[in-house]
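Data first, discussion second: the structure below is written as structure tokens.
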Amino acid sequence: MSGVVLVTGVAGYIGTLLREGLPARGHTVRGLDVVPVQGHLVADATDLAAVTAAAEGTDALVHMAGIATEASWAAISHANIEGTYVALEAARRAGVRRVVLASSNHATGMSPRVSSAQTDAQPRPDTYYGVSKVTMEALGSLYADRYGLDVVCLRIGSALPAPVTPRHLSTWLSPADTVGLVHAALTAPSPGFAVVWGVSGNTRGWWDLTSARALGYAPVDDAETHAAAVIAAHGEPVPGTVEHDRVGGEYAGPDFAVDAVAARAQA
Ligand SMILES: NC(=O)c1ccc[n+]([C@@H]2O[C@H](COP(=O)([O-])OP(=O)(O)OC[C@H]3O[C@@H](n4cnc5c(N)ncnc54)[C@H](O)[C@@H]3O)[C@@H](O)[C@H]2O)c1
């Protein structure tokens with residue numbers, strides 16, 4: 001399916017990749033954010049009336065708006081949980097049949113890291129942020145089952161211009177692959193409800209890309225091309241640390257949540 005796509009969070013890192021990259025894949029992007037972007041809508045993604053109006057006449061909704069790291073429960077539950085409900089409910093009210101949701105590895109971040117992990121493992125969030133992504137996937141499942149929407153949840157690893165830490169050598173989602181993955185989620189015929197890992201074709205990858213490839217995703221990048229520089233700067237991950245042992249890396253550490261909330265409060 002190509003056509004008009006409403007992208008929430010269009011001013012953000014991934015939103016910017018999508019508004020620049022999706023048109024070349026045949027999509028017309030209508031964006032929405034609280035931060036102004038020329039040619040796109042300024043609106044709050046938790047405002048059901050505003051998002052429903054923005055979704056009218058579109059063919060799909062890609063929901064990227066939200067807080068992209070740990071924060072207080074009040075902030076996360078409003079921006080991320082209410083925001084996901086609004087995205088799905090606005091799509092339903094506007095007759096939009098496909099929704100792509102930005103989930104995260106932190107939905108299962110406390111899980112021990114294993115190779116070729118599947119997306120159907122028990123949820124084990126590592127933060128309030130991770131809880132919001134478990135809830136996102138649950139809301140997506142409800143709207144697929146109850147209303148017949150196609151809902152594709154992208155369980156994104158580390159979407160960055162380039163890998164920075166040794167963990168990123170396993171979790172990186174490159175800019176080109178970010179656009180390719182969303183394009184696949186928009187164009188796969190009748191995906192129903194799907195949860196897929198969002199990472200590049202990393203040599204050191206931990207997560208099984210079979211379900212993403214089934215949508216048509218064909219990663220073009222591999223973090224290994226950056227491995228020598230990253231390892232030279234940081235060394236290899238150390239067994240016994242959360243960075244090495246847990247899906248969520250530092251988010252799974254005992255002090256991460258408190259530190260992250262405090263840092264955001266001071267920002
Ligand atoms: N970048 C990653 O590595 C990564 C990994 C996993 C999941 N994700 C998810 O992908 C999505 C996009 O991530 P990103 O890296 O582009 O984050 P980002 O912070 O760069 O962008 C988020 C955008 O959402 C907007 N926003 C926040 N609250 C809003 C609201 N109430 N109404 C309208 N706009 C609002 C912000 O202004 C911002 O432009 C997020 O949901 C994030 O949790 C990102």
Side-chain angles (χ1 to χ4, degrees), residues 6-21 30-37 40-55 61-72 74-88 90 99-109 119 125-137 139-140 152-165 167-168 170-175 177-179 181-182 185 195-200 202 207 223 247-251 260 264 267:
L6 176 63
V7 176
T8 71
V10 77
Y13 170 68
I14 294 176
T16 299
L17 293 177
L18 298 180
R19 74 172 194 268
E20 292 176 351
R30 179 187 297 176
L32 175 159
D33 205 296
V34 284
V35 175
V37 177
H40 296 279
L41 302 164
V42 177
D44 192 315
T46 63
D47 180 338
L48 179 57
V51 180
T52 304
L61 191 159
V62 176
H63 180 52
M64 292 289 155
I67 298 172
T69 185
E70 182 62 323
S72 69
I76 288 286
S77 57
H78 180 69
N80 289 14
I81 296 180
E82 183 70 12
T84 299
Y85 159 74
V86 164
L88 288 159
V99 178
V100 179
L101 298 174
S103 185
S104 166
N105 68 94
H106 297 292
T108 184
T119 51
D126 53 24
T127 43
Y128 294 145
Y129 171 70
V131 169
S132 78
K133 299 305 185 180
V134 173
T135 307
M136 169 181 273
E137 294 180 7
L139 280 165
V152 180
C153 302
L154 309 177
R155 212 179 261 183
I156 299 168
S158 305
L160 298 165
V164 177
T165 69
R167 177 174 177 272
H168 296 158
S170 303
T171 62
W172 187 47
L173 178 65
S174 75
D177 287 335
T178 302
V179 177
L181 180 62
V182 172
V195 181
V196 306
W197 289 109
V199 287
S200 287
N202 302 325
W207 303 321
V247 164
E250 63 174 349
Y251 279 48
R264 278 187 65 84

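Every number for a ligand or one of its atoms is a count from 1 in the order of the listing.
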*Kindly determine whether Y128 and S72 satisfy side chain to side chain donor-acceptor pair (under 3.5 Å), including the steps that lead there.*
CA-CA 8 Å; Y128 294 145; S72 69; over 6 Å; no
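Using a heavy-atom distance under 4.0 Å as the criterion, the protein contacts of ligand 1 are G9, A11, G12, Y13, I14, D33, V34, V35, A43, D44, A45, M64, A65, G66, I67, A68, A102, S103, S104, Y129, K133, I156, G157, S158, A159.
T127 pairs by the side-chain hydrogen bond (donor to acceptor under 3.5 Å, both in side chains) definition with nothing, not counting sequence neighbours. With sequence neighbours excluded, no residue satisfies side-chain hydrogen bond (donor to acceptor under 3.5 Å, both in side chains) with T52. With sequence neighbours excluded, no residue forms a side-chain hydrogen bond (donor to acceptor under 3.5 Å, both in side chains) with R30.
Listed for the R167 side chain is a donor-acceptor partner under 3.5 Å among the backbone atoms of V247. Judged by distance alone, the side chain of S132 and the main-chain N or O of I76 form no donor-acceptor pair under 3.5 Å.
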